[in-house]
Amino acid sequence: MQISMASSGPQNPSQIMPLELVDKCIGSKIHIKMKGDKELVGTLLGFDPYVNMVLEDVVVYEISSQGKKVTRLEQILLNGNNIALMIPGGEGPDN
Amino acid sequence: MQISMASSGPQNPSQIMPLELVDKCIGSKIHIKMKGDKELVGTLLGFDPYVNMVLEDVVVYEISSQGKKVTRLEQILLNGNNIALMIPGGEGPDN
Amino acid sequence: MQISMASSGPQNPSQIMPLELVDKCIGSKIHIKMKGDKELVGTLLGFDPYVNMVLEDVVVYEISSQGKKVTRLEQILLNGNNIALMIPGGEGPDN
Amino acid sequence: MQISMASSGPQNPSQIMPLELVDKCIGSKIHIKMKGDKELVGTLLGFDPYVNMVLEDVVVYEISSQGKKVTRLEQILLNGNNIALMIPGGEGPDN
Amino acid sequence: MQISMASSGPQNPSQIMPLELVDKCIGSKIHIKMKGDKELVGTLLGFDPYVNMVLEDVVVYEISSQGKKVTRLEQILLNGNNIALMIPGGEGPDN
Amino acid sequence: MQISMASSGPQNPSQIMPLELVDKCIGSKIHIKMKGDKELVGTLLGFDPYVNMVLEDVVVYEISSQGKKVTRLEQILLNGNNIALMIPGGEGPDN
Amino acid sequence: MQISMASSGPQNPSQIMPLELVDKCIGSKIHIKMKGDKELVGTLLGFDPYVNMVLEDVVVYEISSQGKKVTRLEQILLNGNNIALMIPGGEGPDN
């Protein structure tokens, strides 16, 4: 979704911008829910304007009719295109 | 959907622009209906031109054939891409 | 769909441009058919170039195999992305 | 689909450009086939570069397993995003 | 799919560019396979950078589980968005 | 997927860029796997930045539950939008 | 997903940017998980801003209800559009 930022006065200064929230997560745990039934938890090492994310010590949870598949990966680059929501400091679906 | 703003006189000045509506919600409750069967209620802390939203004290409602799953999260960053509609001051599907 | 406006003489001056049609609806009722089986009727308060719409006194109709679900909402911001067509002055699927 | 217009000599001058075809339809009947099973016939009043169309005296045909549903609407704004093809002067699926 | 044309020497000069191929079809028959099960054959009158195409003496073939539906149309504007491939001089699926 | 090329030192000079790989295929065989179950083999005559491809002596393989359908075409323009991967010098699924 | 980089102070300098991670993989093994059930392992020779990737000594794993299909390919160009995540130095689903 895009919203036009034109034709309006100064925005509410007391906001926490999405960028700041993600930037603060660098070096900490983040729980990411993807579109569909995949979730990940890992330590955020970096990201770019497309919210592609470099993550370390990653646990991937895939929930399907056959149950929950858990995969551990040392370091990954995640395509930001399918992120639904992020939970700073989140420990994952079991917590 | 995009509409061309070219070749037309000044727009109706007595409008409430989408941006203003969201800006006024900063610090207040907002009920968000996603595409598909997910809804959220939370306090809006900030947003950007892609309507990515920083939300606090969040309740996520997922309605499926197995019933309604409710998840409570302290703070999240929501990808604006899948928002269907927003209800300023809304209390969620139970209210 | 996009069409190239290049390499052609002046367009037909006696047109009603899409923008003008929506602009004239400010303050009046509008019936909106979404992609899929959702329809809304409400009073249009404002819109932006992405056809995100601020609507008041809104009735949402969701037609499914279980019948028609009707929801009334005071004020909403609708993501323009899933609009199929709009009927200026329309009263909704029952009328 | 997009095609690169770079690195080539002058285009064939004896073309009828898509824009000209639509422009000539202003004030006349046009039959529009949408992606999926919806068709419309109406008088074209105006359009923009996104092929959003202002139409009058509109008949909407929705073909489903339950048969053909016909809806008559005075004036509409059609989102150009789901147009498959247009037939200038077309009278609709029954003709 | 997009490919970055940066950081490389001059491209192979002995190419036939996609634009040239389509341009040469103006005034001749072209067989178009759409995404899904629709095919068309017609005479190409013009096209734009979005490969929207003005076609004349058109035959539309729709192949479904109920068999093949053939529709003849005098003149159409085809949305280039759903084209899979084009066969210059092609006579259609029966030939 | 897009990746931000900003804020980084000079890229690894010893790369083979995607553009170079395709450019080298001009005049030779290339095996193309599309999204879904369609594959093609043909001689590459040209391409543009959208990876639309002019191909000659083309064999199209469509694999479905009814078996493998093989179609031979003299010359085509392929919409680059649905390409999954390309195999320079590839002879097709039977080889 | 896109995030606005505007209106914020300098970003956290101690990041590992996505671009750097991929750049470091040039000449080494990389395990790529696609959207859907396809995975690849190969040696990365080059990539562009759309993350189209030139890969060598490639093994493609396609997991379906009929089991796992393994295909070996000398050299390919992969369309970056359907990449879900990448694992630098990864050896593939069996390891």
Side-chain angles (χ1 to χ4, degrees), chain F residues 1-26 28-41 44 47-53 61 63-65 78-95, chain G residues 1-3 5 10-28 32-40 42-56 58 60 62 64-66 69 71-86:
Chain F
M1 181 174 182
Q2 281 185 276
I3 203 164
S4 162
M5 307 299 275
S7 76
S8 152
Q11 260 195 285
N12 187 317
S14 66
Q15 297 203 40
I16 299 181
M17 294 300 287
L19 173 67
E20 290 164 55
L21 192 77
V22 184
D23 208 47
K24 268 190 239 153
C25 291
I26 304 265
S28 335
K29 283 255 182 200
I30 189 165
H31 174 192
I32 300 162
K33 292 195 179 209
M34 309 299 287
K35 294 171 203 164
D37 296 311
K38 197 181 275 188
E39 305 192 22
L40 308 108
V41 178
L44 180 64
F47 68 101
D48 69 11
Y50 300 102
V51 199
N52 300 315
M53 298 181 126
Y61 303 86
I63 298 132
S64 73
S65 47
L78 178 70
N79 179 351
N81 234 349
N82 292 315
I83 293 175
L85 64 87
M86 298 174 230
I87 304 151
E91 297 286 337
D94 301 340
N95 309 278
Chain G
M1 180 174 183
Q2 281 186 274
I3 203 165
M5 307 299 276
Q11 260 195 283
N12 187 317
S14 67
Q15 296 203 42
I16 300 180
M17 295 299 288
L19 172 67
E20 290 165 54
L21 192 76
V22 184
D23 208 47
K24 267 190 243 155
C25 291
I26 304 265
S28 331
I32 300 161
K33 291 196 179 207
M34 309 300 286
K35 293 170 201 163
D37 296 311
K38 198 183 272 188
E39 305 192 21
L40 307 109
T43 303
L44 180 64
L45 299 185
F47 69 100
D48 69 10
Y50 300 102
V51 199
N52 300 314
M53 296 181 128
V54 179
L55 295 156
E56 205 179 45
V58 180
V60 180
E62 289 169 88
S64 73
S65 48
Q66 282 96 31
K69 182 184 156 197
T71 314
R72 293 176 197 283
L73 299 165
E74 238 181 80
Q75 196 181 59
I76 70 168
L77 172 57
L78 179 69
N79 179 351
N81 234 348
N82 292 314
I83 293 175
L85 64 87
M86 299 174 228

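To find a chain, count down the sequence lines: A is the first, B the second, and so on, and within it residues start at 1. These numbers were taken from a predicted model, which means no experiment stands behind them.
- Residue F:Q2 comes nearest to G:Y50 through the heavy atom pair NE2-CE2, 3.6 Å, listed as atom of the first residue, atom of the second, then distance.
- Around CD of F:E91, the count of heavy atoms belonging to other residues, nucleotides or ligands within 6.0 Å exceeds 12.
- Across G:V22, G:D48, G:D23, a single residue satisfies side-chain contact (heavy atoms from CB on, under 4.5 Å) together with F:I3, and that is G:V22.
- In this structure, CD on G:Q75 lies 5.0 Å from CG on F:L21, to the nearest 0.5 angstrom.
- Heavy atoms closer than 4.5 Å to chain F are found in the side chain of G:L73, but not in its backbone.
- Of all heavy-atom pairs spanning G:G46 and F:P18, the tightest one is C-CD, 4.5 Å.
- Contact of G:N52 with chain F is made through backbone and side chain together, with heavy-atom distances under 4.5 Å.
- Here the straight-line distance linking atom CG of G:N82 with atom CE of F:M1 works out to 11.5 Å at 0.5 Å rounding.
- Between F:M17 and G:V54 the shortest heavy-atom distance is C-CG2, 4.0 Å.
- Here the CE atom belonging to G:M53 is positioned 9.5 Å from the CD atom belonging to F:Q15, to the nearest 0.5 angstrom.
- Residues F:K35 and G:N81 are in side-chain contact: their nearest non-hydrogen atoms beyond the backbone lie under 4.5 Å apart.
- Note: G:L78 CG to F:I87 CD1 = 11.0 Å, rounded to the nearest 0.5 Å.
- Counting heavy atoms from C-beta outward, F:K33 and G:I76 have side chains that stay 4.5 Å or more apart.
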